[in-house]
Amino acid sequence: MKSLGSIRRSFAPWADPASKPFISVKNVTKKFGDFTAVDDLSLNIYTREFFALLGASGCGKSTLLRMLAGFEQPTSGEIILDGQSLAGIPPYRRPVNMMFQSYALFPHMTVENNVAFGLKQDGMPKADIAERVAQMLKLVKLEKFAKRKPHHLSGGQRQRVALARSLAKRPKVLLLDEPLGALDKKLREETQFELMDLQQELGLTFVVVTHDQEEAMTMADRIAVMSHGKVVQVATPAEIYEAPNSRFVADFIGDVNIFDGKVISAEDGYIRVETTGGIPVRMASPDKPGNGATAAVAIRPEKIRIGRQPPAHAPVNAAEGEIWDIGYLGDMTVFHIRLKDGKVIKASSLNAVRAVEDPLGYDQQVWISFGEDAGVVLKD
Amino acid sequence: MAKLASALVSRLVIIIPYAWLLFFFLIPFFIVFRISLSQTAVAMPPYMPVFDLAGGLSGIMEKLGEFSLDNYVWLTEDVLYFNAYVSSVVIAAISTFLTLLIGYPIAYGMAKAPRSLRPTLLMMVILPFWTSFLIRVYAWIAILKPEGLLNQFLSAVGLIDQPLIILNTNAAIYIGIVYSYLPFMVLPIYSALEKMDHSLTEAAQDLGCTPAAAFWRVTFPLSLPGVVAGCLLVFIPAVGEFVIPDLLGGSETLMIGKTLWSEFNSNRDWPVSSAVAIILLMILVIPIVYFQNIQAKADDEGR
Ligand SMILES: Nc1ncnc2c1ncn2[C@@H]1O[C@H](COP(=O)(O)OP(=O)(O)O)[C@@H](O)[C@H]1O
Ligand SMILES: [Mg+2]
């Protein structure tokens, strides 16, 4: 498992200009009447990648997935799979399979017949079908339930039947629409890791749709954050979190403090910003916006330090405030700190020791501060 | 007090269907059954024995002894009855099959129609019920007779030069039954298809089925409860149908409904016509109960 991890870490075909994408979505638009569900969207997905489409409900994720599966035709644009255009190819001739959000298990068939459905349709010999079905049921740990009908299964078991059925034909790409959406939290977290292991084991390309950012961050190699039918950012979970390219992404993924202000100067990889609250900020930035341009600096709560004394670099990257709210979460504590200008800052600290001497309490005067690499300068 | 009242009300609600069955099914059934065990008499009522309480318990016991299965024996002796039963079942079965052939595509088309259009389509299926059944059957005479609308149309178009003889044949009976009972076939199938999850056919296609294969492997099996219900709703009344064979069928058409009617009215033989009715009920009830048993077993196996 350890070696897998290291392979995983070095798996980055998107960064290699020589590697060819397995799925190419090119300027795809999908309209329902006047309504544009997917808007001039382009994406590349690579072989063996675990790719997540993440976005709020109604942003067009399922529609994009359904175009990959062949249930919807793009209004314009093109989808290429393994070098071949999918235009005009019906769902039953595409080398992809889909796991439906509702699972769509056939209620009149037993678990094993559900799993065997696609194999029978392909005319596979009976003995081979039996073997493959047994193998699939073992994979999802449902051997004991082979003879049951779907409505006598729990939600988690149904989810696994759906998974086994969609994997049985060994598709090149598995499309998963909110695969864990109907499961409760604990089961969902377990299943996330099972899905990852499964994808590794079978060496498949997974495209998963989800509105749960934690789920996407946990499972995916790369995430495409979608909004109103467009892709806002495609990047690894770490890049999405640490270097969001827009206010939308920064806000959508995790918690964030955003300081709006004006650029004072920009030189050798750093810019200085005067925030509207009057805090002078110096932050690493590869871009060099012109002086006087508006800028927004985004800093995650865990990158903000809280202290009783002003830091050495004050007043730069520091501000005085008052503890307004404390949320104790067990593994960490979240503080809401109200600055002089009324802006409330979120800061979190890990509870690394069991008992802290003289812990921070309500209404105390504190200093918040952050490093010059702690945040990112957002472009819009 | 309120609790007691509500308990009473809920009891009452449960009792209503049972009371209905008792008064409108079981009691009439026993009356018919009792008459079927009697003998004809030139009297009013035209059968005996007739019970009266004046004879006391011993009188009643004595009269009970007069009951016999003679009428049933009589039915087996005359091949006419057997033929009438068989021909009724055959005609009903063929009509049911034809109704299914026509009704299924209609129901399918309705279930696939845009949601906003469905109430209108549903209305159109039910609409003929607003006219009297008898008038609609008479209308078919005007359409099917040799100089009727159908033949006029066909000869005007030039398809035929001799009028087609349809009226007073079995073909006319099929047309009449299919037309009259079509809504009973369409509605249960439509309701089965309409509540089906569309993603099931998508899943079937995703797993390699052409739309036709998806229909036969998923849609049709899942609509079977509707198909069975529709077939029973058409088959059962069609077996005992009297009006349609009488008005549209020929004199040689043998159907048990017609036989029963003539026993009852022309021959004034209430006991034999009651026996005919009881046998008809058995013919219908036994297969239905059998079917339901199979269904229940199949459901159990899924557990
Ligand atoms: N067949 C359709 N007809 C009309 N509108 C649709 C259809 N399918 C999806 N939409 C609309 O497109 C938008 C995106 O839908 P969808 O892709 O399902 O979103 P999600 O990101 O939640 O999966 C929604 O506003 C939805 O109402
Ligand atoms: Mg969706």
Side-chain angles (χ1 to χ4, degrees), chain A residues 33 62 65-66 68-72 89-124 145-153 161-162 164-171 173-178, chain B residues 100 104 107-108 111-118 188-232 291-303:
Chain A
S62 294
L65 206 68
R66 289 169 58 79
L68 290 173
F71 299 124
E72 307 282 359
I89 298 182
Y92 48 90
R93 288 220 199 85
R94 295 190 179 198
V96 304
N97 280 129
M98 176 146 159
M99 192 186 139
F100 288 78
Q101 190 165 2
S102 60
Y103 305 151
L105 297 178
F106 304 125
H108 58 305
M109 294 181 191
T110 58
V111 166
E112 77 189 339
N113 285 339
N114 263 283
V115 176
F117 188 92
L119 306 172
K120 279 188 192 155
Q121 192 59 35
D122 288 355
M124 193 189 241
F145 300 91
K147 302 278 187 234
R148 292 226 195 157
K149 292 258 178 80
H151 58 281
H152 297 301
L153 297 178
V161 179
R165 187 180 69 177
S166 57
L167 284 171
K169 286 181 70 173
R170 306 240 169 99
V173 181
L174 184 65
L175 309 171
L176 305 102
D177 194 351
E178 308 263 3
Chain B
L100 178 63
Y104 200 104
Y108 188 84
K112 289 278 169 284
R115 200 166 284 277
S116 54
L117 212 65
R118 289 184 205 163
I189 297 177
Y190 167 74
S191 115
L193 286 173
E194 203 238 9
K195 65 171 184 252
M196 219 179 83
D197 183 359
H198 179 59
S199 63
L200 292 178
T201 45
E202 284 187 346
Q205 290 195 34
D206 187 65
L207 293 167
C209 285
T210 59
F215 174 81
W216 286 113
R217 292 191 66 190
V218 176
T219 311
F220 187 72
L222 285 175
S223 68
L224 269 181
V227 170
V228 169
C231 286
L232 288 179
F291 258 126
Q292 277 181 339
N293 264 345
I294 291 182
Q295 193 106 34
K297 272 208 195 98
D299 273 355
D300 271 350
E301 272 164 26
R303 255 158 251 269

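First the proteins, then the strands, lettered A, B, ... as listed; each starts at 1.
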Show the atom names and distances, to 0.1 Å, of all donor-acceptor pairs under 3.5 Å that link a side chain in residues 201-211 of chain B to residues at least two apart or in another chain.
residue : atom : partner : partner atom : Å
T201(B) : OG1  : H198(B) : O            : 2.8
E202(B) : OE1  : R66(A)  : NH1          : 2.8
E202(B) : OE2  : R66(A)  : NH1          : 3.3
E202(B) : OE2  : R66(A)  : NH2          : 2.7
D206(B) : OD2  : N97(A)  : ND2          : 3.2
D206(B) : OD2  : M98(A)  : N            : 2.7
T210(B) : OG1  : A213(B) : N            : 3.2

Using the test ring pair (Phe, Tyr, Trp, His ring centres under 6.0 Å), find all partners of F100(A) that sit at least two apart in sequence or belong to another chain.
F71(A)
Nearest heavy atoms of L105(A) and L200(B), plus distance in Å:
O-CD2, 3.2 Å
Given heavy-atom pairs under 4.5 angstrom as the criterion, report whether the side chain, backbone, both or neither of M99(A) touches chain B.
neither
Residues of residues 111-120 of chain A near chain B, each having a heavy atom less than 4.5 Å away:
F117(A), G118(A), K120(A)
Under 4.5 Å from a heavy atom of chain B, the part of T110(A) involved:
neither
Under the side chain to side chain contact (heavy atoms under 4.5 Å, CB included) test, which residues partner L100(B), sequence neighbours left out?
Y104(B), M185(B), I189(B), V227(B), C231(B)
